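Since the model is a prediction, treat every value here as computed from it, not as a measurement. To find a chain, count down the sequence lines: A is the first, B the second, and so on, and within it residues start at 1.
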2 protein chains.
Amino acid sequence: MKRITIYDVAKEADVSLATVSRVINDSNVVREDTRIRVQEAIEKLGYKPNAIAQGLALSKTTTVSIVMSEKMFAYNGKILNGLMDVAKIYNYNIMFHTTSKGISKMQDVIESIIKSRVDGVILFNDNFSLEEMEVLNEYQIPMVVVGSKITETKIGNVGNVYINFEKMAYDLVNKYFERGIDDISLVEDKLNLSMMEQLKAGIDRAYAEKGKVFNKYISYDDNNYKSSFNFLSDYYKNNRPSKLVITFRDSQAIAVLNACQEAGYSLPEDCELVCVLNNKYLTMTRPNVTSYNIPEYDLGAVAMRLLTKMLVDDDSVKDNKDIEMSYVLMSKGTTK
Amino acid sequence: MKRITIYDVAKEADVSLATVSRVINDSNVVREDTRIRVQEAIEKLGYKPNAIAQGLALSKTTTVSIVMSEKMFAYNGKILNGLMDVAKIYNYNIMFHTTSKGISKMQDVIESIIKSRVDGVILFNDNFSLEEMEVLNEYQIPMVVVGSKITETKIGNVGNVYINFEKMAYDLVNKYFERGIDDISLVEDKLNLSMMEQLKAGIDRAYAEKGKVFNKYISYDDNNYKSSFNFLSDYYKNNRPSKLVITFRDSQAIAVLNACQEAGYSLPEDCELVCVLNNKYLTMTRPNVTSYNIPEYDLGAVAMRLLTKMLVDDDSVKDNKDIEMSYVLMSKGTTK
DNA sequence: TTGTAGGCGTTATCAA
DNA sequence: TTGATAACGCCTACAA
């Protein structure tokens with residue numbers, strides 16, 4: 001079965017291909033009865049415009065790339081939902097790229113992005129280097145980084161939709177200072193090192209302002225639940241938990257919870273626990289884990305919206321490509 | 001900055017564009033010194049072949065579409081990893097489509113898949129109808145369905161990589177029959193209705209063979225953890241739990257666990273619990289929840305591998321497009 | 001309002 | 001071994 005092209009439709013409707021093109025693209029210069037004739041021909045033949053040919057002709061693919069690390073799938077689901085929904089609304093297709101240690105390096109991904117001639121790119125934090133952004137920039141591909149704040153850069157067409165983790169940590173620590181508590185520890189998450197850095201910076205700043213120094217950054221090898229639990233389980237047999245423990249991901253929070261309880265401490269009496277990233281699993285524990293309500297879906301939605309604006313070169317975003325999203329601390333069972 | 005084309009490279013290397021095309025595509029008819037000259041020109045200009053133009057010329061995009069429902073994203077992470085890794089190995093790009101109730105219906109997704117001229121499609125179960133597969137088939141787009149077994153169909157180019165949930169349930173129930181236990185209930189998962197159907201079919205068959213009838217299919221509105229827990233919490237206040245409860249997803253298993261314990265029952269003594277889908281959260285509960293070790297990554301990897309074979313029309317898969325994957329029951333704390 | 005023709009960047013077929 | 005040249009399917013001036 002031969003693939004139907006615009007020529008076939010033109011012949012069927014007895015018009016030129018230009019006219020068919022016009023009705024496809026909703027040009028308003030075409031007379032009503034010929035439009036109908038063309039529409040009928042399209043129906044009859046089951047014609048679908050070839051997006052590839054359109055892309056070539058227009059030098060525009062209406063496609064944007066999303067690149068994220070394989071390991072982060074499970075955690076970025078909501079953000080992705082936001083990205084996808086908004087992309088759909090603006091009729092963009094999505095090319096999806098993942099990076100993983102062995103099989104696909106960021107460098108290859110960039111290569112295929114450039115070849116694909118996508119109109120724009122969404123990057124997740126902790127997944128790329130400045131160098132790679134510069135390459136994309138050389139090829140004039142607009143991009144927006146979603147997640148945390150990127151460090152100052154002179155690269156041109158870059159947007160950033162983020163949570164201010166530095167401030168988040170700073171404020172949280174100060175709240176505990178006010179209650180007279182300064183025995184605080186932060187559990188490292190190796191999957192989100194740039195976020196960790198920002199959290200730590202916020203804590204450091206808060207401590208520094210009180211003339212103190214923060215030194216309970218808990219770091220250990222590997223980073224799944226099991227290794228976290230094993231490490232912490234040991235740890236809390238020899239060290240009593242801090243008055244406040246801050247973790248980034250759910251599995252770490254649950255590891256702290258289980259390890260503490262196993263070591264005979266009870267939450268929140270002996271130890272309060274705050275997890276940065278919120279998800280449903282934190283409501284399945286007992287007690288439920290206090291966490292931040294981060295607008296993940298909106299992070300994605302806003303990022304994609306920003307990108308679409310950048311793609312039409314909307315002047316309204318010219319100097320407004322940094323968007324900080326808000327969040328709310330949700331007190332649950334592991335804090336007083 | 002003008003985009004570099006094959007012409008620019010040809011001029012720079014002082015050859016014709018045909019020759020450039022040859023070195024790009026590793027044709028072995030080009031003399032070594034001119035190949036080097038061309039390579040240098042490519043380097044110097046930073047030329048990257050335009051995949052869109054290639055797609056047009058070859059009527060082949062080296063791109064496959066993956067379509068899954070937004071809600072299932074979190075659960076299909078591993079499968080997606082498998083899909084992405086293998087796609088990467090065979091140099092396929094991925095177009096990613098999600099379906100959701102409001103914003104993007106399957107019908108629109110199909111439409112954009114056809115327009116995109118992707119070479120093949122991966123479909124997840126419980127996300128499409130036979131009708132939509134027929135449309136893809138009309139446009140001669142090979143597809144493979146991953147997840148559970150699809151019902152018999154005469155549609156041509158369709159592969160299927162699946163878990164045999166019917167058999168899984170049948171075997172499990174029989175195992176309990178052998179222990180003299182026939183008080184079994186199955187908790188419905190509205191997100192995976194076709195899987196539920198198959199599980200139920202397996203249970204029904206086992207019961208029928210014993211001349212009994214299965215009637216503890218627990219169904220309730222909505223399907224997040226909270227609604228599950230609330231429903232079950234009530235339920236177990238008025239009904240004692242079955243000797244064996246089977247759930248599909250983690251959050252339902254945890255809901256059963258928490259609800260039972262809250263109602264004063266203890267697992268596995270009063271009630272055994274088996275969750276079909278395994279994930280890390282089932283090892284964070286106490287006791288850990290018994291579940292099946294399903295080769296999710298392999299499901300994805302095998303599915304994508306099958307699709308790539310179908311795309312080159314490999315005769316080796318002509319009559320071998322149904323692949324059943326195995327699984328293992330992992331006894332943990334909620335079974336004896 | 002409609003049609004003609006050139007261009008988008010490659011690949012592939014033929015000649016040379 | 002290399003170079004013209006015609007597709008690939010569509011869009012868009014420009015002309016009619």
Side-chain angles (χ1 to χ4, degrees), chain A residues 1-39 41-42 45-63 93 112 114-119 139-140, chain B residues 1-39 41-42 45-63 93 112 114-119 139-140:
Chain A
M1 163 191 162
K2 178 179 168 303
R3 294 237 163 157
I4 309 294
T5 75
I6 202 169
Y7 285 98
D8 303 312
V9 176
K11 189 187 298 172
E12 175 75 25
D14 196 32
V15 295
S16 77
L17 79 173
T19 301
V20 177
S21 176
R22 288 190 187 100
V23 347
I24 292 172
N25 298 296
D26 282 330
S27 163
N28 46 4
V29 298
V30 40
R31 209 199 304 138
E32 190 56 19
D33 59 322
T34 91
R35 144 169 286 122
I36 291 175
R37 216 164 65 248
V38 172
Q39 290 285 22
I42 290 177
L45 300 178
Y47 167 72
K48 306 280 182 196
N50 182 330
I52 300 299
Q54 290 177 321
L56 226 211
L58 295 174
S59 300
K60 180 175 189 322
T61 51
T62 20
T63 298
N93 289 315
S112 76
I114 294 170
K115 288 182 181 167
S116 300
R117 300 296 194 268
V118 297
D119 298 332
Y139 286 88
Q140 314 177 78
Chain B
M1 162 192 163
K2 177 178 169 303
R3 295 239 164 156
I4 309 292
T5 75
I6 201 168
Y7 284 99
D8 303 311
V9 176
K11 191 186 298 172
E12 176 74 24
D14 197 31
V15 294
S16 77
L17 78 173
T19 301
V20 178
S21 177
R22 288 190 188 99
V23 345
I24 291 172
N25 298 295
D26 282 328
S27 163
N28 45 4
V29 299
V30 41
R31 210 199 304 140
E32 191 56 20
D33 59 321
T34 88
R35 142 168 287 122
I36 292 175
R37 216 164 65 248
V38 171
Q39 290 284 21
I42 289 176
L45 300 178
Y47 167 73
K48 307 280 182 196
N50 182 330
I52 300 300
Q54 290 178 321
L56 224 211
L58 295 173
S59 300
K60 181 176 190 319
T61 51
T62 20
T63 298
N93 290 314
S112 78
I114 294 171
K115 288 183 181 167
S116 300
R117 298 297 194 268
V118 296
D119 298 332
Y139 287 88
Q140 314 176 75

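Closest approach of Tyr47(B) to Tyr139(A), counting heavy atoms only: N-OH, 4.4 Å. Contact detail for Ala13(B) and Arg37(B): the closest heavy-atom pair is O-NE, 3.0 Å. Of all heavy-atom pairs spanning Lys60(A) and Asp119(A), the tightest one is NZ-OD2, 3.4 Å. Annotation for Glu12(B) and Ala41(B): closest pair CG-CB, 3.5 Å, computed over non-hydrogen atoms. For the pair Gln54(A) and Asn25(A), the tightest heavy-atom approach, listed with the atom from each and the gap, is NE2-OD1, 4.4 Å.
For dT11(C), one of the phosphate oxygens OP1 or OP2 lies less than 4.0 angstrom from a side-chain nitrogen or oxygen of Ser21(B).
Taking atom CG of residue Leu58(A) and atom C1' of nucleotide dG7(C), one finds them 12 Å apart after rounding to whole Å. Nucleotide dG9(C) holds its C1' atom 15 Å from the NZ atom of Lys11(B), rounded to whole Å. Going from atom NZ of Lys60(A) over to atom P of dG7(C) covers 24 Å, rounded to whole Å. Remark: P of dT11(C) and CG of Asp26(B) are 11 Å apart, rounded to the nearest angstrom. Separating the CD1 atom of Ile6(B) from the C1' atom of dA12(C) is a distance of 12 Å, rounded to the nearest angstrom. One atom, CD1 of Ile52(B), and another, P of dT10(C), lie 11 Å apart when rounded to the nearest Å.
Applying the 3.5 Å distance criterion, the base of dG3(C) shares a donor-acceptor pair with the side chain of Arg22(A).
When heavy atoms are screened at a 4.0 angstrom cut-off, Val20(A) is found touching no nucleic acid atom at all. Heavy atoms of Leu17(B) sit under 4.0 angstrom from at least one base atom.
Without hydrogens or angle criteria, Asn50(A) side chain to Ile52(A) main chain gives a donor-acceptor distance under 3.5 Å. Under the 3.5 Å distance criterion, the side-chain polar atoms of Ser21(A) are left unmatched by any main-chain donor or acceptor of Leu17(A). With Ser116(A) contributing its side chain and Val118(A) its backbone, the two residues share no donor-acceptor pair below 3.5 Å.
Between Asn25(B) and Tyr7(A), the residue anchored closer to the 5' end of DNA chain C is Tyr7(A), taking for each the nucleotide with the nearest heavy atom.
Taken residue by residue, residues 29-37 of chain B places heavy atoms nearer than 4.0 Å to DNA chain D at Val29(B), Val30(B), Arg31(B), Thr34(B).
Taking CZ of Arg31(B) as the reference point, atom CD1 of Ile36(B) lies at 11.5 Å (rounded to 0.5 Å).
Contacts between chain A and DNA chain D, taken as any atom within less than 4.0 angstrom of a protein heavy atom, begin and end at dG9(D) to dA13(D).
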